[in-house]
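Structure first, then comments.
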Amino acid sequence: MIAREVGALANRVLIVQRRRSQLLLPTFLLPLLLLAVIASGTSAGRGLRGFPDVSSYLAFVVPGTVTQGTLLAGLTAGIMMAADIEFGFFDRLLAAPVHRTSIVLGRLVGVMVLSVLQTIWFLAIAMLFGARYGGGVPGVLGAICLAAITAVGMGGIASAIALRTGSLSLLQSLFPFMFVLLFTAPAFFPQELLSPALHDISRINPLTYVVNGIRALLEGDRSLGSPWAGLGAACGLAVSMTAVATFALKERLRTL
Amino acid sequence: MKTAVEVEQLVREFKGGIRAVDGLDLEVHEGEIYGFLGPNGAGKTTVVRILTTLLRPTAGHARVAGHDVVKEGDAVRRAIGVALQEAAIDPLMTGRELLRMQGALHGLRGPEARHRATQLLERVGLTEAGDRRVGGYSGGMRRRLDLALALVHRPHVLFLDEPTTGLDPTSRIALWREVSTLHDEGTTVFLTTQYLEEAEQLADRVGIIARGNLVAEGTPSSLKERVKEPTVHIELADPEDAPAAREALAGLGIVEEPNPRTPTRVALATAAGKAAIAPVIRALDEHGVTVEFVEVETPTLDDVFAAVTGSHLEGAAVA
């Protein structure tokens, strides 16, 4: 029963995502634009001493794009949740005999599937432009899984904010913070080459472990990061943030 | 007679001490259409939101389909269908997709949900539009889809919160017809409205709410009878005949005092209403009074509302 509810709500996330260009553009195109700018504008950084030995600069920065995709997919979940609250669709869900957890899980499963599609898209486009993945199919599959789990965590944070505030404009204003989170992780530059302050921050940013894990999986080179540390960070985010979102929903229902 | 909705001393207080519902008591019998009538801000929607488990009461009790709305929310939600005032329908989805999703949320399996969606689209006359995005639907089509969504799981009690507000007369009548059919099928309907005509046309019983409390309740006709008797207005051909007309009508009811501004008019208050027309004409004819025309004025629910609250309904002129 819960599986059916979660499936129906996840399906709605994907339908709406597909049909709303305001959501499609940032989740599928914006990260590629940033990738194009970074790959062409800062590729000289590869020549710096201490830059890891990778197959190409593009292959090095693609994990950053994948991670950015997880942030945007998660934010989308929160925006949709806030819009549902603001425009009344949320009431329709609450008036149905739906298990309350399904309301959160359905959205997060939708985000997870969205992240899988995004990651495949980003990796395929980067491949068209010359990126090669030394980790082979297992590495690519591992990276897709890691990104999907991270997206659940990001969706959990955004959903929790939406449930606590019910404000669509607040969720939309979170967009720049996603970039802060991204750029305080070694998404597009090696952690060792970050400034000391940024380096320290990156050590407590869970996305550091995710992006390094994805990089290691795609390159097939464990010296770039630990996939297990990435998995730990992603799962930690997913579990804790799903719990936070569920708690936020319970609080919202308690104070109706 | 079984009770479908039972409300006892219900209170809902919002921030700032505003009491939207203030000690409300009401009962809705199984299978009836209960018209919940009141102006904007009277507390209608708050009551509906409490009864549909979307809002918690501050005090008091409410049971729907035999279940407590606070303690047995899930059982209540399984028994009810809800079409809220602001039809919250995702404009990017098609009518069929929404119905299938709603079916899944109510536990219908894939093929069953698909079949039910087709069935309901046909029922509300949206078969052709079913695969179009809801964003392109007219207001009437959205309301009909909203009704279909509320019916997916064949609810025992259906809550319709101002279902025809903003609709054109044709769409309104189509929706009324559908509600009547549901009533004939045995569904209990709790209908909030600010349209008198809607309450008169549909409701078996009407409850009038003002400032969060029930100020009158009964069948539309019994409520109107309580306010005043129908009045038969007779337009005479010759104002000289007025005294003779008054004399002729004296035994048929209460003849109202003459009004110098309308010397050709005689008014007779009588409980018989339209049935008094024939005796009136006969009596006037026997007294040699020539009549231009006769009309019967019956009290409206707005008169009832005005009598019990001292003000008129905003929708009175509209409906």
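All values reported here derive from a predicted model rather than from experimental measurement. Sequence lines set the chain letters: A, B, ... in the order given, protein chains first and strands last, and positions in each chain run from 1.
- For a residue to count as touching a neighbouring chain, one of its non-hydrogen atoms must lie under 4.5 Å from one of that chain's; by this rule Arg100(A) touches chain B with the side chain only.
- Under a 3.5 Å cut-off, the side chain of Thr188(B) and the backbone N or O of Val157(B) do not form any donor-acceptor pair.
- Residue Thr94(B) touches chain A through both its backbone and its side chain, counting heavy-atom pairs closer than 4.5 Å.
- Remark: Arg144(B) fails to qualify as a cation-pi partner of Tyr137(B) under the 6.0 Å distance and 45° angle criteria applied to the six-membered ring.
- Highest contact tally toward chain A, considering only Arg78(B), His106(B), Arg100(B), is held by His106(B) [criterion: heavy-atom pairs under 4.5 Å].
- Within a 6.0 Å sphere centred on CZ of Phe14(B), other residues, nucleotides and ligands contribute more than 12 heavy atoms.
- In terms of modelled atom types and a separation under 3.5 Å, the side chain of Thr3(B) and the main chain of Val5(B) share no donor-acceptor contact.
- The greatest number of non-hydrogen atom pairs below 4.5 Å with chain A, out of Leu98(B), Leu105(B), Leu55(B), Thr53(B), is found for Leu105(B).
- Heavy atoms of Ile15(A) lying under 4.5 Å from chain B belong exclusively to its side chain.
- Using a 4.5 Å cut-off between heavy atoms, Leu253(A) contacts chain B through its backbone alone, with no side-chain atom that close.
- Judged by distance alone, with hydrogens and angles left aside, the side-chain atoms of Glu8(B) form no donor-acceptor pair with the main-chain N or O of Ala62(B) at under 3.5 Å.
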